[in-house]
Each structure stands twice: as structure tokens, then as C-alpha cells.
Amino acid sequence: MIDRDEVGKALQTIAAADRKRSHATFFNASSEFQGAMEVAFVAEWAKVVNERYGWNVRGVRKNANTYPDCLADYGPSGTKIPAVIGIEVTELVDGDAIKAHQELRWLKKIGKFSTLPKADKLALLERMSPEWPLEKFTSRLTDRVREKNLRSRDRALAKQFLLVLTDEGDLDERTLETYVKSILLPQMSNFDAIYIMTSYVPRADNDGYYPVFELPTGV
């Protein structure tokens, strides 16, 4: 028999998870909205790498040629003809978790969520909050990066990067920091470097940030 308090806590967790999931489905949105979100996330990535490496990435914009997703200027401020770099954007998500969130919204919309058996509600919660052990993370990430690397590199660009976004609850900043030290991705010929960026981390002073990690690749 399922405990009533357990179900209550589970429902609260479902609601919180449903509110939290921000960019995990934006690739299903309109191309205009998708493009705006890609530019916004790349701009956040640029803030991090500029501070970390002393780079001067600026002028992030949507690429009219579609691949890679975004372009940006790079080089000392005031340069008459700055170098142009490209940033391709992709997501690392659990497909079944996305489906579970969509099912929850549909069940609420048609008024059937409240009538679900307790066991079904808990099962939905488990699907919405999947675990990401290191083996799963490494396998899914490698597949995603290899898929993106199949596209040809734009040789007109000075550099080309891949930015992987994730807002999976199990892949928070601390977990990613540990995982990144434990993996080695195959060398990807079309990217100079690969980064993973997780969800926004708020601070008490409202000066939050997006954790960004450079992923190690082999030779």
C-alpha cells in the first residue's frame, strides 16, 4: 500500500519538475523562437569563456546559413575585420522524461490527472525525474556529439564549437564537474572544442550564472 504522505511529496516534486524544465523542449518550438533561444544560450556561454580564457567573443547572432546555429565575432575590440567563429547548439535530454512531462500536461488539460491511481502518479514522477549514472551520461553524450560531427565544418570560420545544453535534474553543476573529469570523448574533427552548459544557478544577490564545462576529447 502506498503511503499518502509519500504520494503528496511525489505530487509536489512532479509540480516542481514540471515548472523547472525550461529549455528541454525548445527545439520542438517554432524556428523563430528556437533561433532566439540558441542566440541567448550562446551569449551566456560567451560570457563564461570570455571571463575564463580572456577571450573577446561578442556579437552573437543567428547564422543565416543554418549550420552552425550561431555566429560570433572574435578578436580584440576595435578590430576592423574581426574573426568569425561558429557555435552549433544541441541538447542532452532524456526523451522519455520529455514525453512524461507532455503526458502530465495533457492529463491535467483533460482533467484526468486527479483520477489516476496512486501507483501511476508515482510511476509518472519516476519517468519525469530520470537518473543519469556516468555510463548513461557518457553513452548519450558521445552519441549526440558524434551525430553533430557528421555535418561538414564551415571552413570559412576561424573556429567552430559545439555547445551541449542540459537541464536534467540529475545533471547539476556538482555532478557534471565530477563526470567531466571521468570521461574522454573521441576527437571530433569538425569542432575545435566541445562544451556542456547546465541550468541557470541563482544566487542570493541575484547575480546567477550558467555552469559551463569544457569536455575533454582524445587525440
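Computed over heavy atoms, backbone and side chain alike; hydrogens, waters and symmetry mates excluded.
Of the possible polar contacts, one joining the R52 side chain to the V212 backbone as a donor-acceptor pair under 3.5 Å is found. At distances below 3.5 Å, not a single donor-acceptor pair connects side-chain atoms of E168 with backbone N or O atoms of P130. A donor-acceptor distance shorter than 3.5 angstrom exists from the side chain of T166 to the backbone of L92, with no hydrogens or angles considered. In this structure a side-chain-to-backbone donor-acceptor pair under 3.5 Å is present from N56 to G75. Without hydrogens or angle criteria, Y179 side chain to L134 main chain gives a donor-acceptor distance under 3.5 Å. N50 places no side-chain N or O within donor-acceptor distance of the main-chain N or O of G54, the cut-off being under 3.5 Å. Although no hydrogens or angles enter the test, the distance criterion places no donor-acceptor pair under 3.5 Å between the side chain of T175 and the main chain of L171. Under a 3.5 Å cut-off, the side chain of S139 and the backbone N or O of E135 do not form any donor-acceptor pair. Side chain of N63 to backbone of P68: a donor-acceptor contact under 3.5 angstrom is found. In terms of modelled atom types and a separation under 3.5 Å, the side chain of E88 and the main chain of L162 share no donor-acceptor contact.
Residues D172 and T198 have side chains not in contact (no heavy-atom distance under 4.5 Å, counting atoms from C-beta outward). No side-chain heavy atom of I87 sits under 4.5 Å from any side-chain heavy atom of D69. Counting only heavy atoms from C-beta outward, the side chains of E91 and V164 never approach each other to under 4.5 Å. Contact check for P186 versus R146: side-chain heavy atoms found under the 4.5 Å cut-off. With a 4.5 Å cut-off on side-chain heavy atoms, V180 and P216 count as touching.
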CA sep, side-chain torsions, deciding dist, call: F137, L176, side-chain contact (heavy atoms from CB on, under 4.5 Å): CA-CA 10 Å; F137 171 76; L176 283 179; 3.7 Å; yes

Report the C-alpha separation of L215 and L184 in whole Å, then their side-chain angles, then the decisive distance to 0.1 Å, and conclude whether the side-chain contact (heavy atoms from CB on, under 4.5 Å) test is met. CA-CA 8 Å; L215 295 166; L184 184 65; over 6 Å; no

L163 and L165: side-chain contact (heavy atoms from CB on, under 4.5 Å), yes or no, with the steps? CA-CA 6 Å; L163 177 61; L165 305 175; 4.0 Å; yes

Evaluate the side-chain contact (heavy atoms from CB on, under 4.5 Å) criterion for residues D73 and R61: first the C-alpha distance (whole Å), next the side-chain angles of each, then the deciding distance (0.1 Å), finally the verdict. CA-CA 9 Å; D73 296 328; R61 56 200 180 271; 3.2 Å; yes

Determine whether D192 and R153 satisfy the following criterion, salt bridge (Lys or Arg N to Asp or Glu O under 4.0 Å), listing intermediate values before the conclusion. CA-CA 10 Å; D192 292 283; R153 176 167 180 154; 2.6 Å; yes

Kindly determine whether E147 and R144 satisfy salt bridge (Lys or Arg N to Asp or Glu O under 4.0 Å), including the steps that lead there. CA-CA 5 Å; E147 180 181 340; R144 199 79 191 106; 2.8 Å; yes

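Taking all atoms of both residues into account, the shortest heavy-atom contact from R58 to P76 is NH2-O, 3.5 Å. The minimum heavy-atom distance linking A193 with E214 is given by the pair CB-OE2, 3.7 Å. Between A46 and V60, the shortest heavy-atom distance links the atoms CB-CG2, 4.5 Å.
Taken to the nearest 0.5 Å, the CG atom of L71 stands 9.5 Å off from the CD atom of Q160. Considering CG of L185 and OG1 of T217, their distance stands at 7.0 Å, rounded to 0.5 Å. Considering CG of N190 and CZ of R151, their distance stands at 10.0 Å, rounded to 0.5 Å.
With hydrophobic clusters built from ILVMFWY side chains whose heavy atoms lie under 4.5 angstrom apart, V49 does not share a cluster with L157. By the criterion of side-chain heavy atoms lying less than 4.5 angstrom apart, applied directly or through intervening Ile, Leu, Val, Met, Phe, Trp or Tyr residues, L150 is not grouped with Y67; the two fall into different hydrophobic clusters. Both I85 and M197 belong to a single network of hydrophobic side chains, linked directly or stepwise wherever heavy atoms of I, L, V, M, F, W or Y lie under 4.5 Å apart. V57 and Y195 end up in the same hydrophobic cluster when Ile, Leu, Val, Met, Phe, Trp and Tyr side chains are linked at under 4.5 Å. In the hydrophobic cluster analysis, where Ile, Leu, Val, Met, Phe, Trp and Tyr join through side-chain heavy atoms closer than 4.5 angstrom, W55 is grouped apart from I81.
Checked for salt-bridge contact, K47 and E44 meet the test: a charged N lies under 4.0 Å from a carboxylate O.
The six-membered or imidazole ring of F191 lies away from that of F161, with a centre-to-centre distance of 6.0 Å or more. Between W45 and Y209, the distance separating the two ring centers is not shorter than 6.0 angstrom.
K136 NZ: more than 12 foreign heavy atoms inside a 6.0 Å radius.
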